[in-house]
Amino acid sequence: MPHSSGDHPPFPTRADADTRMGAAAVPARGGGSGIAARAQAAMRPAAAPAPYLNGLNPEQRLAVESLDGPVLVLAGAGTGKTRVLTTRIGHILASGRAYPSQILAVTFTNKAAREMKERVGQLIGEGAEGMPWLGTFHSICVKILRRHAELVGLKSGFSILDTDDQIRLIKQIIQAEGLDDKRWTARAFASLLDGWKNRGLTPDQVPEGEARAFANGRGRSLYEQYQERLSILNAADFGDLLLHVITLFKQHGDILKEYQRRFAYMLVDEYQDTNIAQYLFLRLLAQGNTNICCVGDDDQSIYGWRGAEVDNILRFEHDFPGARVIRLERNYRSTRHILAAASHLIAHNEGRLGKTLFTDVVDEAEEDMPVTVAAVWDSEEEARAIGDEVEALQAKGHSLESMAILVRASFQMREFEDRFVTLGVNYRVIGGPRFYERMEIRDAMAYFRCVVQPADDLAFERIVNTPKRGLGDASLKLVHAYARANRIPLMQAAQDLCHTEELRPKARNTLRNLLADFDRWRDQLASGMSHTDLAEIVLDESGYTEMWRADRSAEAPGRLDNLKELIRSMDEFESMTGFLEHVSLVMDRDGQAEGEKISLMTLHSAKGLEFDTVFLPGWEEGLFPHQRAVDESGRAGLEEERRLAYVGITRARRRAKIWFASNRRIHGMWQSTIPSRFLDELPADHVEVQEPSRSYGGYGGSGYGASRFDTSDPFQSSYSTPGWKRAQRAAGSGAAGGSGGGFAGRMGSDERRKTGGPRTIEGELVAKSVADEPSAFNIGERVFHLKFGYGAITGIEGNKLTIQFEKAGRKKVLDSFVERH
DNA sequence: CAGTAGGCACTTTTT
DNA sequence: GTGCCTACTG
């Protein structure tokens with residue numbers, strides 16, 4: 001369908017209005033009933049161009065209308081990506097090209113799936129139910145697998161293991177192999193396994209070298225045993241959901257063909273986050289039908305560490321011959337300063353497709369604010385200063401909802417929480433442990449699983465002695481051995497053992513009672529009791545609720561609340577089984593929106609969100625970019641950190657405020673830090689360096705730190721002057737003053753550490769936390785420390801010193817941060 | 001078998 | 001500094 005350039009306004013006002021109005025912490029919603037009505041109108045036969053296309057800019061429109069063949073939409077931050085996706089679906093439907101059931105639309109998270117469902121629903125004017133194949137990779141794969149489970153060695157009712165179950169299962173296998181489970185931890189193997197599955201590797205496909213590297217060459221055999229156990233348990237882990245489908249497609253061409261035929265159009269959101277397995281899945285389907293549209297932003301790929309392959313998006317044109325690449329570069333979210341800062345920063349990455357974002361967004365209410373960078377003495381002052389700014393903005397009438405603090409690592413959150421509690425500022429932490437990952441919820445779920453699936457060994461193990469019933473290791477070992485010997489589920493083994501003399505009478509009795517309980521609950525469920533009532537009965541009669549009621553700890557009441565909430569949420573499901581399936585796939589819970597609050601989260605969980613004001617604390621070498629990312633992944637790691645910085649800045653609509661501290665407590669020890677290299681990479685024209693506040697120097701301005709600090713770090717003193725960039729570069733090549741640690745070659749090559757010598761790669765600035773040599777200091781020596789001043793050494797462990805400071809009290813510090821006096 | 005003390009490690013997180 | 005896991009002891 002040819003499109004003329006005259007039938008839409010040059011500047012799409014709708015999306016613009018959306019970003020301007022929304023103060024809420026959610027992506028701008030597109031359209032309302034108006035669009036729905038227009039979409040419906042569009043479905044009537046008419047010669048006029050479909051009205052739902054009206055608000056789109058030329059590139060967006062092209063992306064919506066290029067329906068045939070592979071399309072890659074490179075959508076920069078804030079360029080209306082979701083809108084394109086949903087409108088494209090609407091367009092496919094409205095133009096009568098396919099039925100809703102013929103469209104495969106995959107997202108990464110349940111949240112994204114939900115949002116898309118909602119928006120498509122609005123667009124086409126009907127409930128979300130019309131799109132059975134809109135969902136996450138995992139939920140779609142489960143749907144496919146349930147139909148063909150037998151072909152991959154499962155039964156259709158297979159259960160899905162969560163990470164917890166997975167770890168416990170691996171631990172059992174490692175122990176059964178007689179391996180040292182401290183040297184070869186279950187956690188380590190789990191992540192190895194995860195990596196393999198992310199790459200679509202079945203046990204026989206794991207490269208020899210990698211398989212050998214674990215447990216003295218037994219990696220492959222462990223993987224095989226693990227899969228065998230899963231098959232016996234009739235269970236699959238998250239990785240399997242994709243892997244099994246890939247195997248299924250590869251081994252059964254007829255089935256693959258069926259799905260290729262079924263999916264007339266395929267859409268993929270956040271393509272830069274796909275891993276190899278997901279890529280293979282798409283690739284197999286796209287072999288029969290090339291109408292695949294992937295939307296993503298290579299600059300926002302921040303999940304490489306969990307298997308995402310930026311390469312998937314970088315290689316798209318190669319992988320899908322004849323692909324059309326459409327760039328969305330008009331940004332509807334941020335002011336020019338924010339966009340310029342982000343673009344300039346990300347331009348330092350090499351491995352990218354390259355986009356040039358531009359914007360017309362202006363903040364009329366205030367003068368166009370440059371991105372600000374502010375220096376503070378330590379993390380405490382950072383929290384104090386940001387708290388002050390939050391209150392100042394609030395006083396000017398800005399809502400807390402429009403602000404967010406984005407940190408690199410969750411340990412940074414605590415100080416802000418403390419500060420907000422003190423100030424009485426309402427805050428909300430986004431991310432963190434999910435509802436269904438809480439201990440009490442998992443325990444409760446395990447009870448339910450045992451009722452529904454008597455063969456669910458992992459669930460049974462979890463609750464057999466929770467609450468404490470006196471069924472300890474000894475008794476459990478017997479049950480285990482018996483179950484394994486007879487290849488039967490644990491519960492059945494327990495049943496059998498109750499009729500023998502092997503168990504101690506007390507344990508036997510307890511066990512018999514527990515099994516009788518489960519039998520009774522099963523009967524009740526079978527005889528028509530509602531699953532919510534049963535759930536309540538199970539938790540009460542098992543003594544589980546009582547356990548928490550009797551618990552005196554602070555969390556106990558909250559846990560009881562969570563259990564109530566769990567039971568309440570079961571109402572929405574038809575059966576216990578339906579509920580369990582939902583929970584294993586949808587591990588999140590929305591809600592908690594009440595009240596006006598500032599949001600506190602990691603940079604990772606901020607992706608996809610936007611706020612008027614974004615605070616970005618902790619821009620220091622070692623923390624951001626994180627030392628470990630650089631150490632473990634070299635240049636690639638650094639580039640991913642930079643993308644994270646890009647994501648952080650581009651979350652801001654109006655104000656982006658960056659902070660760095662000169663001192664931070666890491667692993668319980670105070671360390672001097674220097675500003676992040678990312679600060680160097682911001683364009684001076686769009687950045688304003690804030691003068692250090694009066695409190696700079698900490699300790700009530702006693703001054704002993706500040707004066708010393710100024711002279712000891714050339715970069716610091718010059719940061720607030722126009723020549724700050726040059727000054728910092730000078731600091732890079734010259735002496736690093738007393739701030740400790742070698743400062744070798746900022747932005748060096750990505751070569752791994754040279755053999756021998758101290759670790760000084762890529763501007764290693766965080767001192768080593770392990771001692772290579774005995775400390776040069778002695779107990780009793782008088783020393784000087786930048787942050788704490790003078791003190792005497794009272795203890796030494798390697799390079800860690802315990803010092804009694806004259807003003808600051810007793811602290812543990814690294815020896816490289818003090819000097820003799 | 002259960003409660004407690006010392007040891008260790010500690011980025012990011014979805015399904 | 002703190003939380004979590006393990007090993008020891010009552």
Side-chain angles (χ1 to χ4, degrees), chain A residues 106-113 135-142 160-163 166-167 171 181-182 185-187 191 194 197-198 236-243 270 273-275 277-278 301-308 379 406-415 430-434 436-437 439 465 467-477 504 506-507 510 582-588 601-608 618 622-633 637 640-641 643-644 647-648 664-670 766 769-770 797 800 810-813:
Chain A
V106 248
T107 64
F108 239 74
T109 64
N110 292 299
K111 193 170 158 231
T136 61
F137 276 103
H138 296 268
S139 66
I140 282 165
C141 285
V142 170
I160 300 160
L161 298 192
D162 66 19
T163 345
Q166 203 186 355
I167 299 273
K171 191 171 243 163
D181 60 356
K182 272 187 240 70
T185 64
R187 202 159 283 283
S191 71
D194 224 44
K197 291 189 173 179
N198 283 160
D237 63 22
F238 284 120
D240 282 344
L241 299 180
L242 268 149
L243 200 45
E270 305 278 19
D273 284 339
T274 51
N275 60 36
Q278 287 154 346
S301 159
I302 54 174
Y303 286 111
W305 50 273
R306 66 177 196 209
S379 46
L406 312 183
V407 296
R408 173 68 242 270
S410 40
F411 75 84
Q412 292 172 262
M413 290 187 196
R414 195 202 213 101
E415 250 157 331
I430 299 195
R434 272 160 188 65
Y436 291 113
E437 280 169 9
M439 187 200 337
N465 199 31
K468 301 266 182 289
R469 326 189 145 82
L471 290 167
D473 281 352
S475 328
L476 230 49
K477 266 213 183 85
R504 294 217 322 267
K506 195 159 162 267
T510 323
H582 168 83
V583 170
S584 48
L585 282 174
V586 184
M587 293 287 275
D588 67 6
M601 70 190 94
T602 63
L603 287 160
H604 282 93
S605 28
K607 196 169 77 163
L623 177 59
F624 193 37
H626 199 278
Q627 193 62 48
R628 224 160 126 172
V630 178
D631 279 359
E632 287 171 9
S633 315
E640 184 154 312
E641 294 286 297
R643 291 194 289 267
L644 205 46
V647 167
R664 192 172 290 278
R665 196 166 53 200
I666 297 169
H667 307 329
M669 273 172 304
W670 283 96
V766 172
S769 54
V770 282
E797 298 165 70
K800 293 172 189 155
R810 215 167 81 162
K811 305 277 178 193
K812 273 189 162 181
V813 299

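The chains referred to below are lettered A, B, ... by the order of the sequence lines, with proteins before strands, and numbering in each begins at 1. Basis for what follows: all heavy atoms, side chains included, without hydrogens, waters or symmetry-related copies.
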Counting heavy atoms from C-beta on, name the nucleotide in [options] closest to the side chain of [X].
X	options	answer
A:Lys182	B:dT11, B:dT15, C:dA7	C:dA7
A:Arg408	B:dT15, B:dT11, B:dT13	B:dT11
A:Lys171	B:dT11, C:dT6, B:dT15	C:dT6
A:Asn110	B:dT13, B:dT15, C:dT2	B:dT15
A:Arg414	C:dG3, B:dT15, B:dT11	C:dG3
A:Ala409	B:dT13, B:dT11, B:dT15	B:dT11

**Complete:** Rounding to 0.5 Å, atoms CG (A:Asp273) and CD (A:Gln278) come to a distance of 9.0 Å

**Prompt:** Taking atom CZ of A:Arg643 and atom OH of A:Tyr303, what is their separation to the nearest 0.5 Å?
**Reply:** 13.0 Å

**Item:** Phosphate OP1/OP2 of B:dT13: any A:Thr602 side-chain N/O under 4.0 Å
**Value:** yes

**Distance below 4.0 Å between A:Thr163 side-chain N/O and B:dT15 OP1 or OP2** = no

Taking [atom1] from [X] and [atom2] from [N], how many angstroms apart are they, rounded to a whole number?
X	N	atom1	atom2	result
A:Asn198	B:dT15	CG	P	14 Å
A:Met413	B:dT12	CE	C1'	10 Å
A:Arg628	B:dA9	CZ	P	11 Å
A:Glu415	C:dT2	CD	C1'	14 Å
A:His582	B:dT15	NE2	P	11 Å
A:Tyr303	B:dT11	OH	P	17 Å
A:Leu603	B:dT11	CG	P	16 Å
A:Asp162	B:dT13	CG	C1'	14 Å

**Prompt:** Given the rule in the side chain to side chain contact (heavy atoms under 4.5 Å, CB included) test, do A:Trp305 and A:Glu640 qualify, once you have shown the distances and angles that lead to the verdict?
**Reply:** CA-CA 9 Å; A:Trp305 50 273; A:Glu640 184 154 312; 3.1 Å; yes

Pick out the pairs of N or O atoms, protein on one side and nucleotides 1-3 of chain B on the other, that lie under 3.5 Å.
from: B:dC1; atom 1: OP1; to: A:Gly472; atom 2: N; distance (Å): 3.1
from: B:dC1; atom 1: OP1; to: A:Ser475; atom 2: OG; distance (Å): 2.9
from: B:dC1; atom 1: OP2; to: A:Ala474; atom 2: N; distance (Å): 3.0
from: B:dA2; atom 1: OP1; to: A:Gly470; atom 2: N; distance (Å): 3.2
from: B:dA2; atom 1: OP2; to: A:Asn465; atom 2: ND2; distance (Å): 3.4

**Prompt:** Can you tell me if A:Glu641 uses its side chain to pair, donor with acceptor, with the backbone of A:His626 under 3.5 Å?
**Reply:** yes

**Message:** Counting C-beta onward and ignoring hydrogens, is there a side-chain heavy-atom pair between A:Glu270 and A:Thr107 closer than 4.5 Å?
**Reply:** no

**Request:** For the residue pair A:Val647 and A:His604, establish whether any side-chain heavy-atom pair is separated by less than 4.5 Å.
**Result:** no

**Message:** Which residue is it: A:Leu243, A:Leu242, A:Leu585? I am looking for the one with a side-chain contact (heavy atoms from CB on, under 4.5 Å) to A:Cys141.
**Reply:** A:Leu242

**Prompt:** Out of A:Arg665, A:Arg664, A:Gln412, A:Arg414, which one pairs with A:Ser379 under the side-chain contact (heavy atoms from CB on, under 4.5 Å) rule?
**Reply:** A:Arg664

Stacking between [X] and the base of [N] (centre distance under 5.5 Å, interplanar angle under 30°)?
X	N	answer
A:His667	B:dC10	yes
A:His626	B:dT11	yes
A:Trp305	B:dT12	yes

**Message:** Please classify the nucleic acid contact of A:Glu641 as base, sugar-phosphate, or nothing, using heavy-atom distances under 4.0 Å.
**Reply:** base

